[in-house]
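Only this structure's heavy atoms are used, side chains among them; waters, hydrogens and symmetry mates stay out.
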Amino acid sequence: MIYSFGGLPYDLGARTRIMGILNVTPDSFSDGGRYTDRTTAVEHALEMAGEGADFIDIGGESTRPGATPVAPDVEIRRVVPVIEALAAKSGIPISVDTRNADVAERALGAGASIVNDISGLRHDPRMAGVVGTRGGSAVLMHMRGTSATMQDDPRYDDLIGEIRTCFLESIRLATEAGIRQIILDPGIGFGKTTGHNLEILSRLGEFADLGYPLMVGPSRKAFVGAILELPVGERLEGTIGASVAAVMRGARLLRVHDVREVSRAVRIADAILARNHA
């Protein structure tokens, strides 16, 4: 699993990689409004890099349940200046969290190398071509419905099988467009109940045969709050527990807010896994 980002090799099989979340939005569920200023956003990105982040994922549209979509030009105004400023200060690979091709194109031109598409290339028919032509990597996530509707009584006849089917279609779109580096994300919290999220984490290894590294984003999610009966600001320990479980089941990347704490925890998980494979 040796991928290249920014011309540097990253062995995604050697240890767990951390993607730090940077939402430059006013309405994200956890940190909305905290990093809308470019200087503050870049400072936080650099702080996460110092805490152990291997990638920074910058998003300009909230995808929390019930969120209102924003126009691509609004996303561009939010994310592109931050990407440009961060790329000028650090060589850390930058991911843009968007489902819109116009945003992805501008972000890749500004210094991003990864497009994290919650729709798995399905929302915008131009997305796969833009990423492929620009030589970007893609995170292909599974999502049921839209941000506005995804938590309206989500149901599955075969949860893992249906996610696999969606993955295969997204992989087809990506490979036909020439996208060479693919990461799969089963979409914790995106059109799933607490039970669905727990089943995904417990059966994560069943996606391994697809042949691509898996990323999981359990950070501060509602299922953690439901289990612990805690608000967003008190879900660190639950996030760590879910993150370690994901690593033990085969996740190679974690997308989180609390980089320092999660990276320390998964170093222990990595050490245990390395011992088991010795």
Could you please spell out the steps behind the side chain to side chain contact (heavy atoms under 4.5 Å, CB included) verdict for Glu162 and Asp157? CA-CA 8 Å; Glu162 290 175 45; Asp157 294 322; 3.7 Å; yes
List the atom of [X], the atom of [Y], and the distance in Å for their closest heavy-atom pair.
X: Ala138; Y: Val131; answer: CB-CG1, 4.5 Å
X: Ile240; Y: Glu261; answer: CD1-CB, 4.0 Å
X: Met1; Y: Pro213; answer: SD-CB, 3.7 Å
X: Leu254; Y: Ala246; answer: CD2-CB, 4.2 Å
X: Val103; Y: Val96; answer: CG1-CG2, 4.4 Å
X: Val259; Y: Gly20; answer: CG2-CA, 3.8 Å

Distance to the ring centre below 6.0 angstrom and angle to the axis at most 45 degrees; does that hold for Arg17 and Tyr10? no
Quick one: which of Ile179, Thr98, Leu173 gives a side-chain contact (heavy atoms from CB on, under 4.5 Å) with Met127? Thr98
I'd like to check the side chain to side chain contact (heavy atoms under 4.5 Å, CB included) partners of Thr165; sequence neighbours left out, ordered by chain and number.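 If we apply the side chain to side chain contact (heavy atoms under 4.5 Å, CB included) test to Thr165, skipping adjacent residues, there are no hits.
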Listed by chain and number, what are the side chain to side chain contact (heavy atoms under 4.5 Å, CB included) partners of Ser4, not counting sequence neighbours? Gln181
For the backbone of [Y] and the side chain of [X], can you confirm whether one donor and one acceptor N or O come within less than 3.5 Å of each other?
X: Asn197; Y: Gly189; value: yes
X: Thr25; Y: Ser62; value: no
X: Asp270; Y: Arg15; value: no
X: Thr133; Y: Val130; value: no
X: Thr239; Y: Arg220; value: yes
X: Asp37; Y: Thr40; value: yes
X: Arg235; Y: Lys221; value: yes
X: Arg144; Y: Lys192; value: no

Salt-bridge test for [X] and [Y]: reply yes if a basic N is under 4.0 Å from a carboxylate O, no otherwise.
X: Asp185; Y: Arg255; answer: no
X: Glu169; Y: Arg172; answer: yes
X: Asp158; Y: Arg164; answer: no
X: Asp117; Y: Arg122; answer: no

What's the spacing between [X] [atom1] and [Y] [atom2] if we round to 0.5 Å?
X: Asp97; Y: Ile21; atom1: CG; atom2: CD1; result: 8.5 Å
X: His123; Y: Asn100; atom1: NE2; atom2: CG; result: 4.5 Å
X: Asn116; Y: Ile58; atom1: CG; atom2: CD1; result: 12.0 Å
X: Leu22; Y: Glu47; atom1: CG; atom2: CD; result: 11.0 Å
X: Leu253; Y: Phe55; atom1: CG; atom2: CZ; result: 5.5 Å
X: Ser243; Y: Ile18; atom1: OG; atom2: CD1; result: 7.0 Å

Pair Val70-Arg78, side chain to side chain contact (heavy atoms under 4.5 Å, CB included): steps then yes or no: CA-CA 11 Å; Val70 300; Arg78 290 174 178 176; 4.1 Å; yes
Taking C-beta and beyond as the side chain, do [X] and [Y] meet within less than 4.5 Å on heavy atoms?
X: Leu210; Y: Leu168; value: yes
X: Phe207; Y: Ile163; value: yes
X: Val244; Y: Met248; value: yes
X: Ile183; Y: Ser137; value: no

[atom1] of [X]: more than 12 outside heavy atoms within 6.0 angstrom?
X: Arg38; atom1: CZ; value: no
X: Arg106; atom1: CZ; value: no
X: Arg267; atom1: CZ; value: no

Begin with the C-alpha distance, continue with both residues' side-chain angles, and end with the deciding distance and a verdict on side chain to side chain contact (heavy atoms under 4.5 Å, CB included) for Arg252 and Thr16. CA-CA 5 Å; Arg252 304 313 308 144; Thr16 304; 4.0 Å; yes
Check against side chain to side chain contact (heavy atoms under 4.5 Å, CB included), Asp102 and Asp124: CA-CA 9 Å; Asp102 288 344; Asp124 190 327; 5.8 Å; no
Hphob cluster co-occupancy, Leu12 + Ile2, side-chain heavy atoms under 4.5 angstrom: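 Shared cluster, no.
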Would you call the rings of His142 and Phe167 parallel, tilted or perpendicular, taking 30° and 60° as the class edges?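 The rings of His142 and Phe167 stand perpendicular, inter-plane angle above 60°.
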Solution key, residues 84-95 side-chain donor-acceptor pairs under 3.5 Å, sequence neighbours excluded:
unit_1, atom_1, unit_2, atom_2, d
Ser90, OG, Ile92, N, 3.1
Ser95, OG, Asp57, OD1, 2.6

